[in-house]
Each structure stands twice: as structure tokens, then as C-alpha cells.
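Computed from a prediction, not measured in an experiment: that's the story for all the values here.
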Amino acid sequence: MTTVAVLCDAPSEGVLADLASSTPLTEGETADLYAAMCADVFRAVETSASDLLVNYRPDESGEPEAELRALADAALEDPDGVRYETQAGSTFAGRIGNTITHLLESEEESSAMAVEPTAPFLTRGVIDGLMMKLRRSDVVLGPTSEGRVYAAGFSAPIDFEEAYTPPAVETLTARANDAGLDVDYGPMTAVIETGTDLAGALAFVRARDRAGREVPQHTAACLGDLDVTLVEADGDLSLRKADTDSP
């Protein structure tokens, strides 16, 4: 069974700084949204045919493992089946590389995948589809907007140094090619990391809810609590909060 490592920060103020600075959300509200997305991603991995590893960054000012365990305990049917390990490395790419390489080489996993906790629309079907592709290709990437990736699966390691340099989907592909590895791709799936991402996700959640389709439960509930609305002006969308913006 493939291990899926969800690379998490502590769900506390300061996380997703770009989102907080480009939207009406406060840092506390951004942290709440991040926690909700983590819970939805944890649940998606649990329902798939994969093992869940919550790989978190150490934080001397808090207790990230305890906070993430609390999220998993509330979101999962079998929280005792989750592994928790700290990330090692000075850069984002380095931390992912250390995790993937450890799983493939030290634990002798046949394949391993790194997933972003900011991809609340991730489903069991998407994860299982990526895993099926990993049986035929050495590297499988899950692309999202602006050349980013929400998932990267490997059956063999690559040179991870600066491998997530934007556009990550292209850089990771190049590194896999340099290592003589085959690359395939999963479906586009949205992430929520910037104000533009949030506007699109909010519209999608509300559209799916109105159509009676499944939505990421925790993320949708959090967005509802935040009371964020979309405002259209001259063809552009912006975000507004009733309690911070004048009518």
C-alpha cells in the first residue's frame, strides 16, 4: 500500500501568509480555513487505498502534532491508523525530498506521494487514480493552476534540490526526465493558497452545494462561518466580508 504524506504546517496564525495578505480574512480566520482543509485532505486519504502520514514542520512556539492530531481525531473514522512524523530540511523541496526518499529507500515502499494540505477538493477517486498511474509510470504529478502541483508521487527518487521552483509541474518533470524516469499526470484539482484561489473555490463550493453535489465538508462549513461573499465589478471577482466592508 502506498504511503501518502500530507506536508503540514501548524494550523495557527501565520500559516498561508499570502492568503491572509490578499483577502479580507484575518490571520486567525486563515488558520481556521487551513485547519479545515487539512481535515478534508486527511479524510480523502483515509478513504483511499493508501496509508496516511501527517508530516509536519516543528514549531517551537506551539505544539503542531497535538493540533494536527486533534484535527485528525475529529475528521477520521480510524485516527489510530495515522502516522505522525516531523519534517526534516531547510527548504520546502528539501523537506519533501527527505520524506519521499526515506519512504522509498529506508522503509522500502514501492511508491510514495506528497500531497498539499491546501487541496480540499481532493477525493478518494483522484488519489486512487494517481496511485494506479504510479504502477505504470515512475513519477505522477497532480497539476493545479499557475503551474503548481497538489500532489507528486514517486516510485523512484529524483534530485529534489529546488525541484519545486515555479512552475513546479515543469521543474519536477524536468528533474524526473534527468533521472531517466517516466512521468504521467493526474487531473487538475484546485488548491486554496491565494486570494484568486479562494474566489474560485468559493464559487465552486457554492455551485456544487446548490447542485446537490458533494463538497469538502470541513472547508465548506468554514467558508460559511467566515461569511465571505464574491463581488463582481467590470468582469473581475473580489472577496468581501460583511463585517469588514461597508455596504
Distance (rounded to the nearest 0.5 Å) between [X] [atom1] and [Y] [atom2]:
| X | Y | atom1 | atom2 | value |
| --- | --- | --- | --- | --- |
| Leu223 | Ile192 | CG | CD1 | 6.0 Å |
| Thr229 | Asp227 | OG1 | CG | 7.0 Å |
| Leu141 | Glu170 | CG | CD | 11.5 Å |
| Thr2 | Phe154 | OG1 | CZ | 13.0 Å |
| Asn98 | Thr91 | CG | OG1 | 8.5 Å |
| Ser111 | Leu104 | OG | CG | 7.5 Å |

- Report the residues that fulfil side chain to side chain donor-acceptor pair (under 3.5 Å) with Glu77, sequence neighbours left out, ordered by chain and then residue number.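 Side chain to side chain donor-acceptor pair (under 3.5 Å) list for Glu77, sorted by chain: Arg43.
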- Sequence neighbours excluded - side-chain hydrogen bond (donor to acceptor under 3.5 Å, both in side chains) pairs with any residue from residues 113-124: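 Passing the test, one end in residues 113-124: Thr118-Glu193.
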Please check if the side chain of [X] supplies one atom and the backbone of [Y] the other of a donor-acceptor pair under 3.5 Å.
| X | Y | answer |
| --- | --- | --- |
| Thr23 | Leu25 | yes |
| Glu29 | Thr26 | yes |
| Asp128 | Ala49 | yes |

Treating Ile, Leu, Val, Met, Phe, Trp and Tyr as nodes and any side-chain heavy-atom pair under 4.5 angstrom as an edge, say whether [X] and [Y] lie in one connected cluster.
| X | Y | value |
| --- | --- | --- |
| Leu134 | Leu52 | yes |
| Leu19 | Leu230 | yes |
| Val115 | Leu7 | no |

- Looking at Leu71, Val54, Asn55, which hits side chain to side chain contact (heavy atoms under 4.5 Å, CB included) with Cys8?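 For Cys8, the side chain to side chain contact (heavy atoms under 4.5 Å, CB included) check succeeds only for Val54.
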- Message: If only side-chain N and O atoms count, and only distance matters, is there a donor-acceptor pair under 3.5 Å linking Gln87 with Tyr56?
- Response: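 Note: Tyr56 and Gln87 side chains miss the donor-acceptor criterion.
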Whether [Y] and [X] form a salt bridge (side-chain N of Lys/Arg under 4.0 Å from carboxylate O of Asp/Glu) is what I want to check.
| X | Y | result |
| --- | --- | --- |
| Glu161 | Arg175 | no |
| Glu107 | Arg83 | yes |
| Asp197 | Arg148 | yes |

- Report, as yes or no, whether the 6.0 Å neighbourhood of atom CD on Glu232 holds more than 12 heavy atoms from other residues, nucleotides or ligands.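 Yes - once you tally the heavy atoms of other residues, nucleotides and ligands closer than 6.0 Å, there are more than 12.
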Quick one: are [X] and [Y] in side-chain contact, heavy atoms under 4.5 Å?
| X | Y | result |
| --- | --- | --- |
| Val149 | Val169 | yes |
| Thr3 | Met113 | no |
| Val15 | Pro11 | no |

- Could you check Asp138 against Val183 for side chain to side chain contact (heavy atoms under 4.5 Å, CB included), going step by step and ending with a plain yes or no? CA-CA 6 Å; Asp138 302 308; Val183 185; over 6 Å; no
Show me the donor-acceptor pairs, under 3.5 Å and distance only, between side chains in residues 31-41 and residues at least two apart or in other chains.
{"residue": "Tyr34", "atom": "OH", "partner": "Asp9", "partner atom": "N", "Å": "2.8"}
{"residue": "Asp40", "atom": "OD1", "partner": "Gln217", "partner atom": "N", "Å": "3.3"}
{"residue": "Asp40", "atom": "OD1", "partner": "His218", "partner atom": "N", "Å": "3.1"}
{"residue": "Asp40", "atom": "OD1", "partner": "His218", "partner atom": "ND1", "Å": "3.0"}
{"residue": "Asp40", "atom": "OD2", "partner": "His218", "partner atom": "N", "Å": "3.3"}
{"residue": "Asp40", "atom": "OD2", "partner": "Thr219", "partner atom": "N", "Å": "2.7"}
{"residue": "Asp40", "atom": "OD2", "partner": "Thr219", "partner atom": "OG1", "Å": "2.7"}

Grab the two heavy atoms, one from [X] and one from [Y], that are nearest each other, plus how far apart they are.
| X | Y | value |
| --- | --- | --- |
| Leu103 | Ala112 | CD1-CB, 3.7 Å |
| Gly186 | Tyr150 | C-OH, 4.3 Å |
| Pro58 | Thr86 | CG-CB, 4.2 Å |

- Task: Begin with the C-alpha distance, continue with both residues' side-chain angles, and end with the deciding distance and a verdict on side chain to side chain contact (heavy atoms under 4.5 Å, CB included) for Val140 and Tyr185.
- Result: CA-CA 5 Å; Val140 175; Tyr185 305 90; over 6 Å; no
- Before giving the answer on side chain to side chain contact (heavy atoms under 4.5 Å, CB included), spell out for Glu85 and Leu53 the whole-Å C-alpha distance, their side-chain angles and the decisive distance to 0.1 Å. CA-CA 7 Å; Glu85 294 181 359; Leu53 166 62; 3.8 Å; yes
- Which of parallel (below 30°), tilted (30 to 60°) and perpendicular (above 60°) describes Phe92 and Tyr164?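 Because their plane-to-plane angle is over 60°, the rings of Phe92 and Tyr164 count as perpendicular.
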- Message: Is there a ring-ring contact (aromatic ring centres under 6.0 Å, His included) between Phe204 and Phe121? Walk through the geometry before answering.
- Response: CA-CA 10 Å; Phe204 192 37; Phe121 297 100; 5.2 Å; yes
- Query: Are Leu122 and Ile127 close enough, and set up right, to give a side chain to side chain contact (heavy atoms under 4.5 Å, CB included), and what steps lead you there?
  - Reply: CA-CA 7 Å; Leu122 200 59; Ile127 296 171; 3.8 Å; yes
